[in-house]
**Student:** 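One structure, pasted below without further comment.
Computation of the quantities below employed the complete heavy-atom set of this structure, encompassing side-chain atoms and omitting hydrogens, waters and symmetry-equivalent molecules.
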Amino acid sequence: MQKSYLLAILFIATLTGFSQTNRSLSVPFIEDWSSGTFETNGWITECSNWVIANHVGNDSPSAEFQWDPHLQNDYSCALESDTINAEDLLVGEIKLQFEVKLNDRNATGNEKLIVEVYDGEAWNMITEFINEGDLDWTFNYHDITEFTLGKSFLIRFRAAGDNSFDIISWFVD
């Protein structure tokens, strides 16, 4: 019987070196944002538009990419995990589970939330959400075994687009 490992992101930088801190997270890893800070589990971000939303979640809190406090034009702004270590796992499956919500302003189709896994060599897109109108909490479950089994890896949620004013907020829980 094959074992499955679940990586749950209950919430969501630019790669500046593979190890974000001197520690690494282990599989299974669960993030619920209840500490109220990204730093607790070593998440990093390159812009102040990513915050913990204490009042919104499925259950609260969640990670939120807001259109402000800095209006972003032609942007790509990520929230990136610390290193997650699965090097000792040589058989089985690793799954990524999270929920996403969008409060949209202008359904332009130009604003995106992209979910990616770094496998030690390259970023691999797992899924992408596009601002085509409000999106209520949507459950996502993805097999990321091919990018993670037997490796140390990173997860990131990257907001990107033409003009952040066209959305109100992306939420990840």
**Student:** Whether the side chain of Asp134 engages the backbone of Asp104 through a donor-acceptor N/O pair (distance < 3.5 Å, no angle test) should be reported.
**Tutor:** yes
**Student:** Output yes when Asp166 and Arg105 qualify as a salt bridge under the 4.0 Å nitrogen-oxygen rule, no when they do not.
**Tutor:**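 Salt bridge flag = no for Arg105 with Asp166.
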**Student:** Okay, side chain of Thr127, backbone of Met125: is any donor-acceptor separation there less than 3.5 Å?
**Tutor:**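 Such a contact is absent between Thr127 side chain and Met125 backbone.
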**Student:** Over all heavy atoms of both residues, which pair between Trp50 and Phe38 is shortest? Give the atoms and the distance, please.
**Tutor:** O-CE1, 3.6 Å
**Student:** Are Asn73 and Asp162 side-chain neighbours, meaning at least one heavy-atom pair lies under 4.5 Å?
**Tutor:** no
**Student:** Would you say Asn124's side chain and Ala122's backbone share a donor-acceptor pair under 3.5 angstrom?
**Tutor:**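 Confirmed, Asn124 side chain pairs with Ala122 backbone.
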**Student:** How about Asp88: does its CG atom have over 12 heavy atoms from other parts shown lying under 6.0 Å from it?
**Tutor:** no
**Student:** Tell me the closest heavy-atom pair linking Ser60 and Asn54, and the distance in Å.
**Tutor:** CB-O, 3.4 Å
**Student:** Of Asn140, Leu96, Ile144, which meets side chain to side chain contact (heavy atoms under 4.5 Å, CB included) against Val115?
**Tutor:**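 Output: one option passes, namely Leu96.
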**Student:** Calculate, to the nearest 0.5 Å, the distance between atoms CZ and CD1 belonging to Arg156 and Ile44 respectively.
**Tutor:** 10.0 Å
**Student:** For the residue pair Ala160 and Ile114, what are the closest heavy atoms and their distance?
**Tutor:**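 Smallest heavy-atom distance, with atoms named: CB-CD1, 4.2 Å.
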**Student:** Determine whether the side chains of Ser76 and Arg158 contain a donor N or O and an acceptor N or O closer than 3.5 Å.
**Tutor:**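 Yes - a donor-acceptor pair under 3.5 Å links their side chains.
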**Student:** What's the separation between atom OG1 in Thr83 and atom CG in Leu154, rounded to the nearest 0.5 Å?
**Tutor:** 5.0 Å
**Student:** When rounded to the nearest 0.5 angstrom, what is the spacing between CZ in Phe98 and OH in Tyr141?
**Tutor:** 13.0 Å
**Student:** Return the minimal non-hydrogen interatomic distance between Ser62 and Phe171, and the atom names on each side.
**Tutor:**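 Smallest heavy-atom distance, with atoms named: OG-CD2, 3.5 Å.
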**Student:** Between Glu64 and Ser169, is there a side-chain donor-acceptor contact under 3.5 Å, judged purely by atom types and distance?
**Tutor:**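 Yes, Glu64 and Ser169 have a side-chain donor paired with an acceptor closer than 3.5 Å.
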**Student:** Let me know which of Asn110, Thr108, Leu71 forms a side chain to side chain contact (heavy atoms under 4.5 Å, CB included) with Asn163.
**Tutor:**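 It is Leu71; the other options fail the test.
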**Student:** Under a single-linkage definition using a 4.5 Å side-chain heavy-atom cutoff for Ile, Leu, Val, Met, Phe, Trp and Tyr, are Leu135 and Ile130 assigned to the same hydrophobic cluster?
**Tutor:** no
**Student:** Looking at OG of Ser152 and CD1 of Ile84, how far apart are the two atoms once the value is rounded to the nearest 0.5 Å?
**Tutor:**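 Output value for this atom pair is 9.5 Å.
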**Student:** Is there side-chain contact between Phe153 and Asp119, with heavy atoms separated by less than 4.5 Å?
**Tutor:** no
**Student:** Any side-chain heavy atom of Leu113 within less than 4.5 Å of one from Val100?
**Tutor:**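 Heavy-atom side-chain distance check passes, below 4.5 Å.
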**Student:** In terms of side-chain heavy atoms, does Tyr75 have a donor or acceptor partner in Glu111 at a distance below 3.5 Å?
**Tutor:**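 On atom types as modelled, these side chains qualify, holding a pair under 3.5 Å.
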**Student:** With rounding to the nearest 0.5 Å, note down the distance linking CD1 in Ile155 to NE2 in His142.
**Tutor:**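 Separation between the atoms: 10.5 Å.
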**Student:** Within the 4.5 Å heavy-atom criterion, are Thr45 and Cys77 side-chain neighbours or not?
**Tutor:** yes
**Student:** A side-chain contact here means heavy atoms from C-beta on lying under 4.5 Å apart; do Phe165 and Gln72 qualify?
**Tutor:** no
**Student:** Okay, side chain of Asn103, backbone of Lys101: is any donor-acceptor separation there less than 3.5 Å?
**Tutor:** no
**Student:** If you measure from the Lys or Arg side-chain nitrogens to the Asp or Glu carboxylate oxygens, is any gap between Glu87 and Lys151 under 4.0 Å?
**Tutor:**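 Judged by the 4.0 Å cut-off on N to carboxylate O distance, Glu87 and Lys151 do not form a salt bridge.
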**Student:** Can you confirm whether Asn131 sits close enough to Leu102 that some side-chain heavy atom of one is under 4.5 Å from a side-chain heavy atom of the other?
**Tutor:**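 They are in side-chain contact.
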**Student:** Using distance alone, with no hydrogens and no angle criterion, decide if Asn49 and Gln66 have a side-chain donor and acceptor under 3.5 Å apart.
**Tutor:** no
**Student:** Minimum heavy-atom separation for Thr145 to Ile94, with atom names?
**Tutor:** OG1-N, 2.8 Å
**Student:** May I have the step-by-step check of side-chain contact (heavy atoms from CB on, under 4.5 Å) for Phe65 and Cys47, ending in yes or no?
**Tutor:** CA-CA 10 Å; Phe65 177 83; Cys47 70; 4.1 Å; yes
**Student:** Would you name the heavy atoms of Thr40 and Thr37 that are closest together and state the gap between them?
**Tutor:** OG1-CG2, 3.0 Å
**Student:** Which distance, rounded to the nearest 0.5 Å, do you find between the CG of Asp143 and the CD1 of Ile126?
**Tutor:** 9.0 Å
